[in-house]
Amino acid sequence: MHISYNKLWKLLIDKNMNKQDLREASGISSASVAKLGKGDNITTEVLLRICTALKCDISDIMEVVEDTPQEDK
């Protein structure tokens with residue numbers, strides 16, 4: 001299983017925002033945005049900053065998804 005941030009990218013589209021807008025609104029670094037883009041681990045502090053900036057719940061920006069058999073190898 002792994003974390004997916006696809007919900008975050010969809011929410012940004014719905015809010016007519018891009019990654020730069022997210023970075024500016026939340027005060028997170030470009031490195032954090034890059035980690036999100038790769039699906040890497042990110043601190044809860046960063047996630048809370050994003051939720052505060054977007055006025056949403058953490059479940060609105062991320063979800064746990066099952067690995068496919070190809071990802072297990």
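Just so we're clear, the structure is a prediction, and the values are computed from it rather than from any experiment.
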task: Only pairs at least two apart or in different chains count here, so list each salt bridge (Lys or Arg N to Asp or Glu O under 4.0 Å) that has a residue in residues 12-29.
output: none

field: Exercise: identify the closest heavy-atom pair between Glu66 and Met1
entry: OE2-CE, 3.8 Å

task: Verify the neighbour count for atom CG of Asn16: are there more than 12 heavy atoms of other residues, nucleotides or ligands below 6.0 Å?
output: no

task: Give, for atom CD1 of Ile42 and atom CG of Leu47, the distance between the pair rounded to the nearest 0.5 Å.
output: 6.5 Å

- request: Could you tell me the separation between the CD1 atom of Ile61 and the CG atom of Leu12, rounded to the nearest 0.5 Å?
  value: 9.5 Å

task: Can you run down the side chain to side chain donor-acceptor pair (under 3.5 Å) pairs that involve residues 25-41, sequence neighbours left out, and say none if there aren't any?
output: Ser29-Ser32

query: Going by the side chain to side chain donor-acceptor pair (under 3.5 Å) test, which pairs reach into residues 43-65, not counting sequence neighbours?
result: Asp57-Ser59

- request: Applying side-chain contact (heavy atoms from CB on, under 4.5 Å), name anything that partners Ala34, two or more places apart in sequence or on another chain.
  value: none

task: Identify, with sequence neighbours excluded, every residue that meets side-chain contact (heavy atoms from CB on, under 4.5 Å) alongside Ile3.
output: Tyr5, Met62, Val64

- prompt: Are Leu22 and Ile58 co-members of a hydrophobic cluster defined by side-chain heavy atoms under 4.5 Å apart?
  reply: yes

